[in-house]
Amino acid sequence: MKSFYITTAIDYVNGSPHLGHAYEKVLTDVIARFRRQMGDQVHFLTGADEHGQKVQASAKKLGVDAQKYVDETSAVFRALYDRLGVSYDDFIRTTEPRHKQVVRAILQQLFDKGEIYQAEYKGFYSTRQEQFLQEKDRNPDGTWPEIFGEVTEIVEANYFFKLRQYQDWLIGFLTENENFIFPRFRQKQVLEFLKEPLNDLCISRPKERLEWGIPLPFDENYVTYVWFDALLNYYSAVAEKGLWPADWNVIGKDILVPPHAVYWPIMLKACGLPPPKGLLVHGWWLQSGAKMSKSKGDAVNPLELVDEFGVDAFRYFLIREMNVGQDSEFTREQFLVRYNSELANNLGNLVNRTLNMTTRFAGGVLPAAEAAEEPEKELRALWEKTRDECIPLAEGFQFHTALERTMAFVTATNAYIEKRAPWKLGKSAEPREQALLRTSLATMAEALRLAVALIQHVTPSTTEKINGVLGYAPGTDWREELVWGAKLDGAKVAGALVLFPRPAPAGKPPATS
RNA sequence: GCCAGAGUAGCUCAGUGGUAGAGCAGAGGACUCAUAAGCCUUUGGUCGCCGGUUCAAUCCCGGCCUCUGGCACCA
């Protein structure tokens with residue numbers, strides 16, 4: 001069995017989870033579920049980044065222990081992912097001993113190898129903001145903005161990682177591995193970035209300024225800062241399982257350059273470890289109309305849609321609407337369009353009318369198909385085409401297109417029903433018409449079963465519910481489940497099921513005032 | 001400024017060197033198993049602008065315009 005290790009970025013838990021956090025986990029989950037269906041041995045890692053200045057400050061402000069603070073905030077993120085049906089196998093927290101151990105071991109190893117050295121850094125420091133400033137922070141006239149308060153030039157000793165000496169290696173690696181970063185155009189951006197010489201990477205903070213971190217093993221007066229802590233989670237979580245390298249590190253475009261595309265491969269190289277096999281870089285959800293929506297009383301926080309319309313509707317929208325790698329607009333209006341036309345009217349209604357007709361015309365037991373005439377042959381041919389297109393699409397992360405194709409098949413199934421008009425056949429006692437009735441009921445149910453099997457990784461609970469009302473227990477071999485057959489013969493179906501109730505009034509957001 | 005992405009029907013987006021596509025919205029119709037759903041038909045676009053290559057460009061090349069994002073070690 002092929003092993004498949006995939007990770008999300010770990011979230012910085014100083015704040016509340018938002019749409020961007022949710023999307024990345026759902027996207028990764030869809031990939032993980034798809035790979036499992038394809039037969040891979042999947043290991044899916046997500047987690048939380050829990051160290052750093054902001055966490056330390058927030059905890060202090062609340063007067064609680066930093067560990068207690070992250071225990072709570074981290075749990076909020078994790079609860080959201082559980083709610084969204086994210087099927088992670090492991091949730092790593094950077095404050096866990098298993099992580100700290102690995103980070104310290106690697107830092108020591110690199111220090112021993114001479115990859116880390118101490119040097120003095122001179123710069124302008126803002127006491128109020130507790131940070132060093134850059135030239136670009138200055139006002140045009142050379143003064144410092146008000147928010148920084150008093151700015152002084154200070155000198156501080158710190159530890160640096162020899163990033164620079166790996167620059168040529170990295171350029172060579174990226175040139176040879178054109179598909180390291182998905183989508184490809186992102187890789188070009190990285191190579192552009194690498195045209196400028198890199199500086200070595202400062203990896204420490206003195207404990208007087210930051211104590212909430214992992215102490216450097218070779219100098220306990222410092223903690224390690226950000227990247228040697230956070231990035232290493234992908235490795236530390238599986239160091240003992242022998243799963244490294246990851247097949248994909250899934251990240252947002254904001255943390256590609258330089259952290260994941262530059263620091264991360266170089267850190268691994270310096271440790272003698274292989275880089276991940278790929279970086280999957282997704283875009284952002286834009287909410288330019290958010291303010292306007294707020295004034296109209298619409299849901300401001302997209303996550304509220306989960307409570308209102310259900311997990312699968314939310315997952316479906318995220319995957320259907322976003323072309324992986326690009327940005328997308330998130331609006332409640334667009335969500336409702338997808339929800340109403342695709343989930344409620346097209347798929348949901350197909351479920352309900354199938355159950356109703358089977359109950360009314362066949363006593364709730366699905367008959368066997370008897371004839372395969374043109375309409376049946378056409379639908380089946382379209383199914384085979386759809387399935388054969390969707391699998392490669394999903395393999396290439398083109399889930400939005402795959403969903404579109406699947407919905408087109410559902411539409412064709414609805415059209416098939418119109419063509420056969422079982423409600424007319426049901427009124428006839430003619431043997432031929434009765435046979436056609438049985439065939440049409442069997443055909444629509446089989447088409448429905450196949451369609452929801454094909455979107456199972458996007459809408460797992462919906463698929464499960466529909467299988468349930470069809471009286472069907474799917475087998476373990478997903479590819480086998482996608483074969484048009486007679487799996488539902490004799491199945492006892494439920495009377496009715498409204499899966500995606502239309503919000504009232506139709507098409508309009510409910511008034512909240 | 002540099003780099004990248006995007007500019008195609010009212011909206012969201014596909015797409016190909018050879019007379020432009022889908023979904024939604026709009027219009028009309030037949031039906032009734034169904035979530036006032038579904039089905040059929042249909043209106044609608046000089047494919048950002050200007051040049052070039054080509055027998056032929058929305059798709060290739062050059063220039064320009066507009067929008068979005070990035071431009072590091074947040075030391």
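Residue numbering restarts at 1 for every chain, and letters A, B, ... go by the order of the sequence lines.
Both distances falling under 3.5 Å, in either a Watson-Crick or a G-U wobble arrangement, occur for no nucleotide opposite rA36(B). With both pairing distances under 3.5 Å, rA56(B) is matched to nothing as a Watson-Crick or G-U wobble pair. Checking rC47(B) for Watson-Crick or G-U wobble geometry (two distances, each under 3.5 Å) identifies no partner in any strand. Across all strands shown, rC67(B) pairs with rG5(B); the Watson-Crick or G-U wobble distances both stay below 3.5 Å. As the counterpart of rA27(B), rU41(B) is assigned, both hydrogen-bonding distances of the Watson-Crick or G-U wobble pattern falling under 3.5 Å.
Using a 4.0 Å heavy-atom distance criterion, E321(A) is classed as a sugar-phosphate-only contact. The residue P206(A) sits apart from the nucleic acid: no heavy atom pair falls under 4.0 Å. Here L499(A) lies in heavy-atom contact (under 4.0 Å) with a base. Residue-level contact check: T354(A) touches neither bases nor backbone, having no heavy atom under 4.0 Å from any strand. Here V337(A) lies in heavy-atom contact (under 4.0 Å) with sugar-phosphate atoms only. As judged by a 4.0 angstrom heavy-atom cut-off over every strand, D200(A) is placed among the base-contacting residues. Within the 4.0 angstrom heavy-atom criterion, base atoms lie near L198(A). Heavy atoms of G123(A) sit nowhere under 4.0 angstrom from any nucleic acid atom.
By the 4.5 Å heavy-atom criterion applied to side chains, M322(A) and F330(A) are not counted as neighbours.
In this entry the distance linking CG of L231(A) with P of rC73(B) reads 15 Å, nearest Å. Between the CZ atom of F409(A) and the C1' atom of rA22(B) there is a distance of 18 Å, rounded to whole Å. In this structure, the NZ atom of K253(A) is 11 Å from the C1' atom of rA6(B), given to the nearest Å. L336(A) has its CG atom 14 Å from the C1' atom of rU12(B), to the nearest Å. Taking atom CZ on F330(A) and atom P on rC13(B), their separation rounds to 14 Å, with Å as the unit. For the pair D254(A) CG and rA4(B) C1', the interatomic distance rounds to 16 Å; values are reported in whole Å. For the pair H400(A) NE2 and rA22(B) C1', the interatomic distance rounds to 13 Å; values are reported in whole Å. The nearest whole Å value for the distance from the CG atom in L194(A) to the P atom in rA4(B) is 15 Å.
Counting atom types as modelled, N352(A) pairs no side-chain N or O with a base atom of rA34(B) as donor and acceptor under 3.5 Å. If you check distances only, the side chain of E418(A) does reach the base of rG38(B) with a donor-acceptor pair under 3.5 Å. If you check distances only, the side chain of N414(A) never reaches the base of rC39(B) with a donor-acceptor pair under 3.5 Å.
Of the listed nucleotides (rC39(B), rU35(B), rC33(B)), rC39(B) has the atom at the smallest distance from the side chain of A415(A). The side chain of W423(A) sits closest to rC31(B) out of rC39(B), rC31(B), rC74(B). In the set rA72(B), rG69(B), rA34(B), rG69(B) carries the atom at the smallest distance from any side-chain atom of W284(A). You'll find that the side chain of A344(A) is closest to rU35(B), out of rC74(B), rU35(B), rA34(B). The side chain of Q326(A) has rA6(B) as its nearest neighbour among rC33(B), rA6(B), rU12(B). Nearest to the side-chain atoms of R360(A) among the listed nucleotides rC73(B), rC33(B), rU12(B) stands rC33(B). Checked against rU35(B), rC74(B), rA72(B), the side chain of F193(A) finds its nearest nucleotide in rA72(B). Taking the side chain of R353(A) as heavy atoms from C-beta on, and the options rA6(B), rG38(B), rA72(B), the nearest nucleotide is rG38(B). Closest contact between the side chain of E192(A) and the listed nucleotides rC74(B), rC3(B), rA72(B) involves rC3(B). Side-chain atoms of R205(A) lie closest to rC74(B) of the nucleotides rA22(B), rG5(B), rC74(B).
Stacking of R205(A) on the aromatic ring of Y225(A) is recorded, both the 6.0 Å distance cut-off and the 45° axial limit being met. Geometrically, R449(A) engages Y472(A) in a cation-pi contact defined by less than 6.0 Å to the ring centre and at most 45° from the axis.
Nucleotides rC13(B) and rU35(B) are separated by 27 Å at their C1' atoms, to the nearest Å. The C1' atoms of rU32(B) and rU58(B) are separated by 44 Å, rounded to the nearest whole Å. Look at the C1' atom in both rC49(B) and rG69(B): the space between them is 24 Å, to the nearest Å. Separation of the C1' atoms belonging to rG28(B) and rU43(B) is 10 Å when rounded to the nearest angstrom. With P as the reference atom, rC11(B) and rA25(B) are 15 Å apart, rounded to whole Å. Rounded to the nearest Å, the gap between the C1' atom of rG10(B) and that of rG51(B) is 32 Å. Distance noted for atom P between rC47(B) and rU19(B): 15 Å (whole Å). Taking atom P in both rU53(B) and rC73(B), the straight-line distance is 48 Å, to the nearest Å.
In summary, the side chains of H18(A) and Y23(A) do not present any donor paired with an acceptor at a separation below 3.5 Å, with no hydrogens or angles considered. Side-chain contact, Q189(A) with R186(A): a donor N or O sits under 3.5 Å from an acceptor N or O.
Ranked by how close their nearest RNA chain B nucleotide is to the 5' end, S341(A) and F185(A) are led by F185(A). Comparing V498(A) and R405(A), the nucleotide of RNA chain B nearest to each residue sits closer to the 5' end for R405(A).
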Would you please test E384(A) and R380(A) for salt bridge (Lys or Arg N to Asp or Glu O under 4.0 Å) and show each step?
CA-CA 6 Å; E384(A) 277 156 11; R380(A) 181 171 175 164; 3.3 Å; yes
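Here the side chain of S328(A) pairs a donor or acceptor atom with the backbone of E321(A) at under 3.5 angstrom. Under the 3.5 Å distance criterion, the side-chain polar atoms of D200(A) are matched with a main-chain donor or acceptor of R164(A).
A distance of 12.5 Å separates CG in L210(A) from OH in Y222(A), rounded to the nearest 0.5 Å.
Under 4.0 angstrom from either OP1 or OP2 of rG38(B) there lies at least one side-chain N or O belonging to N345(A).
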